[in-house]
Undergrad: 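I have a structure here, written as structure tokens, and I will follow up with some questions on it.
Side chains included, hydrogens not; waters and symmetry mates left out as well; all remaining heavy atoms used.
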Amino acid sequence: MPSSFRFVHAADLHLGSPFKGLSARDPELAHRFAEATRKAFTALVSRTLELKADFMVIAGDVYDGEWQDNAVGLFFNREIARLDRAGIPVFVLRGNHDAASVVTRSISMPENVRGFDTRKPQTHRLEPLRVALHGQSFADRSQGDNLARSYPAPEPGWFNIGVLHTSLTGRPPHADYAPCSVDDLRARGYDYWALGHVHDHEVIDTDPHIVFPGNLQGRSIRETGAKGAVLVTVTDGRVTGCERMIVDEARWALLELDISGLADLDAILSALEEALRPHVQAAEGRALALRLRLSGESSLRAWLLANRALLRDEAQAAAARVDADVSLEKLVLDVTGGEAREAEAENGDPLIDLGGMLAGLRQDPEVLAAVEEVIGQVTGKMPHGLGADLDTGPEALAALIEEAGEVLLQKVGGKD
């Protein structure tokens, strides 16, 4: 075995991801993230070439699902061909999103691409490096078997890599596919486990190295922070380096802003700008999709609810003052009432009777059922995916009725 070599371990490219929910809310932003997904892989290939890595491993989910057309396959082929011309082999395993039963279209790939069988574990060997790679692709999306237990014994005197798309013992919110334990992986006697499926970077163990590289590009607010692959260095048959390769082109950020004690909209916007700056700096020039959640206790609650559209526009404008490449993906109002409403009650405001009546509706089963029915009718007419993440549980419906009541009080009271 050569004294030293390096390889790139990536997973979960999700090329062709449609961003359905985001497309319905903000088509332009969805297009930017779809482009970012492709650009991230292009950047990974470029970095691999610059570093002169000896080979690349992709541990599942190259594609997000069945191709709408051949464009996504042609893109992957074009980028992989750059590695082929440089003599860099690429080992590709199918995961749940690009299982053999899911992605049925195909484009002929360059000679450097080697896939793993779906029927049983398969071993690929790199003779010059004395590296053996063992893996099994998914035949179907739902893979409930422990595939690791059937992987072959290690090749004596070689550097053995296990390639597996798995949830291990469970990594919510990721689906439980090809479950196995760390002990199952250790028992195979391999030197490195190149895992996929979990979108967060995680080094599970270092004896041997068991690694989730995470996905190349964040695709939703659940996937914040830097994304990429890992560069693994092997010296004298042992892993001596496992460095992250950050290649994402755009990022997601969740900003929680407590507006308790802020007197007016100007104060809220000023606080937003100040709180946003660290997120922009961390993005290092990348486009940023921002989800803003306002929380705390404020007498402005009713006004904010009644003027949500204006608030969103003002928040977007404030974000643009910090950096032109920040897009407000979603505004969430999680603000409770403040002193102003209590003062009205003490003064005998006639609207309090209306407020009390509205408060009673929050617990009325018939009202809750009617609201849920109306929501179902509305979301059923929305573009696909737009209402997918809408919570219609009893607590969420009660909160919605409360918000509607406060907006009504705001309007009737002439405080708009």
Side-chain angles (χ1 to χ4, degrees), residues 8-24 26-49 56-85 88-116 118 135 137-141 143 163 165 174-175 177 196-197 199 213-220 223 227-229 245 247-252 287 289 383-385:
V8 172
H9 167 202
D12 301 286
L13 281 54
H14 288 279
L15 299 175
S17 182
F19 293 93
K20 290 180 180 177
L22 185 59
S23 293
D26 192 332
E28 182 179 349
L29 187 58
H31 177 73
R32 292 192 69 177
F33 270 86
E35 285 293 315
T37 302
R38 290 186 286 270
K39 288 180 179 179
F41 184 59
T42 297
L44 179 68
V45 170
S46 296
R47 290 283 301 280
T48 301
L49 290 168
M56 177 186 287
V57 180
I58 305 178
D61 287 357
V62 168
Y63 307 110
D64 190 64
E66 179 67 296
W67 307 349
Q68 298 302 309
D69 53 45
N70 285 344
V72 65
L74 289 170
F75 167 78
F76 183 67
N77 176 82
R78 183 176 71 244
E79 294 301 325
I80 290 298
R82 295 168 60 200
L83 298 176
D84 182 45
R85 290 191 290 272
I88 299 176
V90 181
F91 300 90
V92 180
L93 182 137
R94 288 176 178 257
N96 57 294
H97 276 269
D98 58 0
S101 64
V102 175
V103 177
T104 59
R105 294 173 181 259
S106 64
I107 289 288
S108 298
M109 289 291 148
E111 293 183 0
N112 66 327
V113 177
R114 305 180 194 179
F116 291 93
T118 60
S137 290
F138 282 22
D140 301 297
R141 177 184 290 275
Q143 177 53 259
V163 187
H165 201 75
H174 302 286
Y177 294 136
H197 183 51
H199 289 188
N215 55 342
L216 290 191
Q217 172 61 57
R219 300 189 305 144
S220 75
E223 299 176 356
K227 297 291 182 178
M245 301 170 65
V247 297
D248 56 344
E249 293 287 322
R251 290 189 184 166
W252 298 80
H384 182 69

Undergrad: Checking Trp67 side chain against Gly73 main chain: does a donor-acceptor pair fall under 3.5 Å?
TA: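 A pair under 3.5 Å: no.
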Undergrad: Within the side chain of Thr118, is there an N or O that forms a donor-acceptor pair under 3.5 Å with the backbone of Ser137?
TA: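 Absent.
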Undergrad: Is a donor on one side and an acceptor on the other found under 3.5 Å between the side chain of Asp98 and the backbone of Asp61?
TA: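 Present.
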Undergrad: Just by modelled atom types, is the Ala250 backbone N or O under 3.5 Å from a matching donor or acceptor in the Gln217 side chain?
TA: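 Between the backbone of Ala250 and the side chain of Gln217 there is a qualifying donor-acceptor contact (under 3.5 Å).
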Undergrad: Measure the NE2-CD distance between His197 and Gln143 for me, rounded to the nearest 0.5 Å.
TA: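 Separation between the atoms: 11.5 Å.
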Undergrad: Distance from Lys39 atom NZ to Phe33 atom CZ, nearest 0.5 Å?
TA: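 If I round to the nearest 0.5 Å, the distance is 12.0 Å.
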Undergrad: State, yes or no, whether a side-chain contact exists between Phe19 and Arg219 at a heavy-atom distance under 4.5 Å.
TA: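 Yes. Closest side-chain heavy atoms under 4.5 Å.
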Undergrad: Are Val163 and Phe91 close enough, and set up right, to give a side-chain contact (heavy atoms from CB on, under 4.5 Å), and what steps lead you there?
TA: CA-CA 9 Å; Val163 187; Phe91 300 90; 5.9 Å; no
Undergrad: Could you go through His97 and Arg141, starting from their C-alpha distance and side-chain angles, then the distance that decides it, and tell me whether this counts as side-chain contact (heavy atoms from CB on, under 4.5 Å)?
TA: CA-CA 6 Å; His97 276 269; Arg141 177 184 290 275; 3.9 Å; yes
Undergrad: Tell me, with the steps shown, if Leu83 and Leu49 meet side-chain contact (heavy atoms from CB on, under 4.5 Å).
TA: CA-CA 7 Å; Leu83 298 176; Leu49 290 168; 3.8 Å; yes
Undergrad: Could you tell me whether a side-chain N or O of Asp12 sits under 3.5 Å from a main-chain N or O of His199, the two making a donor and an acceptor?
TA: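 No, the answer is negative, given that no donor and acceptor are paired below the 3.5 Å cut-off.
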Undergrad: Looking only at non-hydrogen atoms, find the nearest pair between Val247 and Gly228 and report the distance.
TA: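 The pair with the smallest heavy-atom distance is CG2-CA, 3.9 Å.
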Undergrad: Before you tell me yes or no, could you show the steps for Phe41 and Val45 under side-chain contact (heavy atoms from CB on, under 4.5 Å), namely the whole-Å CA-CA distance, both residues' side-chain angles and the distance that decides it to 0.1 Å?
TA: CA-CA 6 Å; Phe41 184 59; Val45 170; 3.8 Å; yes
Undergrad: Of Val72, Val92, Val103, which meets side chain to side chain contact (heavy atoms under 4.5 Å, CB included) against Val62?
TA: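 Going through the options one by one, the only one that passes is Val92.
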Undergrad: For Arg38 versus Leu15, what's the shortest heavy-atom pair and its separation?
TA: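 For Arg38 versus Leu15, the nearest heavy atoms are CA-CD2, 4.3 Å.
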Undergrad: Considering non-hydrogen atoms only, spot the tightest contact between Pro18 and Asp64 and give its length.
TA: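 Pro18 and Asp64 have their closest heavy atoms at CD-OD2, 3.3 Å.
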Undergrad: Using modelled atom types only, decide if a donor and an acceptor are shared between the side chain of Asn112 and the backbone of Ala81 within a distance under 3.5 Å.
TA: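 No, the answer is negative, given that no donor and acceptor are paired below the 3.5 Å cut-off.
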Undergrad: With no hydrogens and no angle check, do the side chains of Thr42 and Glu79 hold a donor and an acceptor under 3.5 Å apart?
TA: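 Looking only at side-chain atoms, Glu79 and Thr42 do form a donor-acceptor pair, the distance falling under 3.5 Å.
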Undergrad: Begin from the C-alpha positions of Glu35 and Arg32 and carry the test salt bridge (charged side-chain N to carboxylate O under 4.0 Å, His left out) through to its verdict.
TA: CA-CA 5 Å; Glu35 285 293 315; Arg32 292 192 69 177; over 6 Å; no
Undergrad: Look up atom CE in Met109 and atom CG in Asn77, then write down how far apart they are to the nearest 0.5 Å.
TA: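 Answer for the CE-CG pair, Met109 versus Asn77, is 5.0 Å.
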Undergrad: Grab the two heavy atoms, one from Glu249 and one from Ala43, that are nearest each other, plus how far apart they are.
TA: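 Nearest pair, atom of Glu249 first, then Ala43: OE2-CB, 4.2 Å.
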Undergrad: Return yes if some donor-acceptor pair links the side-chain N/O of His165 with the main-chain N/O of Ala59 below 3.5 Å, else return no.
TA: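 Side chain of His165 to backbone of Ala59: a pair is present.
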Undergrad: Determine the minimum heavy-atom distance between Ser17 and Ala34, stating which atoms define it.
TA: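 Looking at all heavy atoms of both residues, the shortest contact is O-CB, 4.5 Å.
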Undergrad: Rounded to the nearest 0.5 Å, what's the gap from OG1 on Thr37 to NZ on Lys227? Could you check?
TA: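 One gets 12.0 Å once the value is rounded to the nearest 0.5 Å.
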Undergrad: So, for Ala11 and Gly196, which heavy atoms are closest and what is the spacing to 0.1 Å?
TA: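 Answer, listing the atom of Ala11 first, then Gly196: CB-CA, 3.7 Å.
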Undergrad: State which residue, out of Leu44, Ile58, Val57, Ile88, fulfils the side chain to side chain contact (heavy atoms under 4.5 Å, CB included) condition with Val8.
TA: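 Exactly one pass, corresponding to Leu44.
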